[in-house]
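Below is one structure, written out as structure tokens; the observations come after it.
Keep in mind that what you see is a predicted model, and the values were worked out from it rather than measured.
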Amino acid sequence: MTAENDTESLAAGQIPPPASHSKVVTVHLQNIPLLSGLAPDVLKQIGLSMHFRKVEKDDYVLHKGGGGDYLLFLLAGRLKVVDLTEDGREIGLSFLSPGDYFGELSIIDGLPRSASVIATEPSLVSLLPRTQAVSLIYAHALVAERVMKRLAQKIRSASSHRAILGIPNAHQRVFALLAQLTKTAPGGLDVIENMPTQQEIAIMANTSRETVSRALQVLIQNEVVEKDLRRLIVRRPAQLKAMILDSDKNGA
């Protein structure tokens, strides 16, 4: 891993990034969803305990089986959470966006990391040591509630992903995955923001990139979806869901 570590401490609840002195970016802890609403003095103590790491594309941030020494926050960039099959194939589980935190399972139970996390683009993460992370979770009811809700969401998502992988038809798996990734944006538009690459979708759906390409073409030709820069607009969400169930019209 070609990462840089910042050993400078923080002040006033603000996070300076590591690396170049020529570029200074300040990220307020208050803007991190998990920490939003905490008292300024609490944020200051959290900030003073944090360290930083800059990672490049394809760098590993965490390795499955590694020690759970830190709770991590993604400040900039994009990460993917992956697992490996017994034969070494990578299976994508989810993506992380700025403001997300990760590594909480090992913080809570003290066991090794359950998955690997890899940067899909140059990214900046902050690391909160386990002792301070445990205190943060257990001493603040607001944080504990947010962590529990996040764990519940992860369990539901994992259950849905297992169901998707159990679909025999590869096109249907792609359709189901896209439906799972779709969110309703302000204004009522159904979209997939920061659309994963075709290779990333292939990994998550346990198929080939070529199959993903063909499945997307089917959706585009039927005007179910529309590409818009780095997002995918789902124009006909009901038809997308219907196509998940209709194996006769979906190909291999």
Side-chain angles (χ1 to χ4, degrees), residues 1-21 23-56 59-82 93-119 122-155:
M1 177 170 60
T2 58
E4 294 181 57
N5 293 306
D6 182 29
T7 58
E8 296 181 3
S9 58
L10 308 175
Q14 297 180 333
I15 307 175
S20 175
H21 292 290
K23 183 177 181 181
V24 178
V25 179
T26 302
V27 180
H28 294 273
L29 295 180
Q30 182 65 39
N31 293 333
I32 296 176
L34 181 66
L35 307 178
S36 177
L38 294 179
D41 60 327
V42 174
L43 292 176
K44 181 178 180 179
Q45 289 304 312
I46 294 172
L48 290 170
S49 301
M50 282 182 167
H51 305 284
F52 301 89
R53 179 174 296 157
K54 182 181 178 183
V55 293
E56 301 302 329
D59 280 351
Y60 274 77
V61 181
L62 296 179
H63 287 271
K64 180 178 179 179
D69 299 327
Y70 296 94
L71 177 66
L72 300 94
F73 299 85
L74 176 59
L75 304 182
R78 191 163 181 260
L79 310 175
K80 62 179 178 181
V81 183
V82 303
L93 302 178
S94 62
F95 293 92
L96 299 171
S97 301
D100 285 339
Y101 65 92
F102 55 104
E104 71 276 15
L105 287 182
S106 293
I107 294 298
I108 293 171
D109 62 18
L111 297 178
R113 301 296 189 187
S114 61
S116 296
V117 178
I118 305 171
S123 302
L124 176 66
V125 299
S126 63
L127 301 86
L128 184 64
R130 187 174 189 276
T131 299
Q132 286 76 19
V134 168
S135 176
L136 170 67
I137 295 172
Y138 289 100
H140 302 280
L142 179 62
V143 175
E145 179 183 1
R146 289 169 176 168
V147 170
M148 285 191 292
K149 287 183 176 180
R150 170 74 173 274
L151 291 174
Q153 188 275 329
K154 281 188 173 182
I155 292 172

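Here F73 contributes atom CZ and M50 contributes atom CE; the two are 4.5 Å apart, rounded to the nearest 0.5 Å. With rounding to the nearest 0.5 Å, the separation of CD1 in I46 from CG in L35 is 5.0 Å. In this structure, CG on L136 lies 6.5 Å from CG on L38, to the nearest 0.5 angstrom. If you take CD1 on I107 and CD on Q132, they are separated by 10.0 Å, rounding to the nearest 0.5 Å. Summarising the geometry, atom CG belonging to L96 is positioned 9.5 Å from atom OG belonging to S123; distances are rounded to the nearest 0.5 Å. Once rounded to the nearest 0.5 Å, the distance linking CZ of F52 with CG of L72 reads 11.5 Å.
Between A133 and L128 the shortest heavy-atom distance is CA-CD2, 3.8 Å. Summarising the geometry of S116 relative to Y60, their closest heavy-atom pair is CB-CE2, 3.8 Å, with the distance given to 0.1 Å. Across S106 and G68, no two heavy atoms sit closer than the pair CB-CA, 3.6 Å.
Screening residues 71-81 for side chain to side chain donor-acceptor pair (under 3.5 Å) gives K80-E90 as the qualifying pairs, with residues at least two apart or on separate chains. Residue pairs meeting the salt bridge (Lys or Arg N to Asp or Glu O under 4.0 Å) criterion with at least one partner in residues 126-136, sequence neighbours excluded, do not occur; the list is empty. Applying the salt bridge (Lys or Arg N to Asp or Glu O under 4.0 Å) test to every pair with at least one member in residues 100-113, sequence neighbours left out, gives these pairs: E104-K154.
Applying the side-chain contact (heavy atoms from CB on, under 4.5 Å) test to S135 and every residue at least two apart in sequence or in another chain returns A139.
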Going by atom type alone, with no hydrogens or angles, which donor-acceptor pairs under 3.5 Å involve a side-chain atom of residues 141-153 and a protein atom two or more places apart or on another chain?
{"from": "E145", "atom 1": "OE2", "to": "K149", "atom 2": "NZ", "distance (Å)": "3.2"}
{"from": "R146", "atom 1": "NH1", "to": "P33", "atom 2": "O", "distance (Å)": "3.0"}
{"from": "R146", "atom 1": "NH1", "to": "L34", "atom 2": "O", "distance (Å)": "3.0"}
{"from": "R146", "atom 1": "NH1", "to": "S36", "atom 2": "O", "distance (Å)": "2.7"}
{"from": "R146", "atom 1": "NH2", "to": "S36", "atom 2": "O", "distance (Å)": "3.0"}
{"from": "R150", "atom 1": "NH1", "to": "Y101", "atom 2": "O", "distance (Å)": "3.4"}
{"from": "R150", "atom 1": "NH2", "to": "Y101", "atom 2": "O", "distance (Å)": "2.8"}

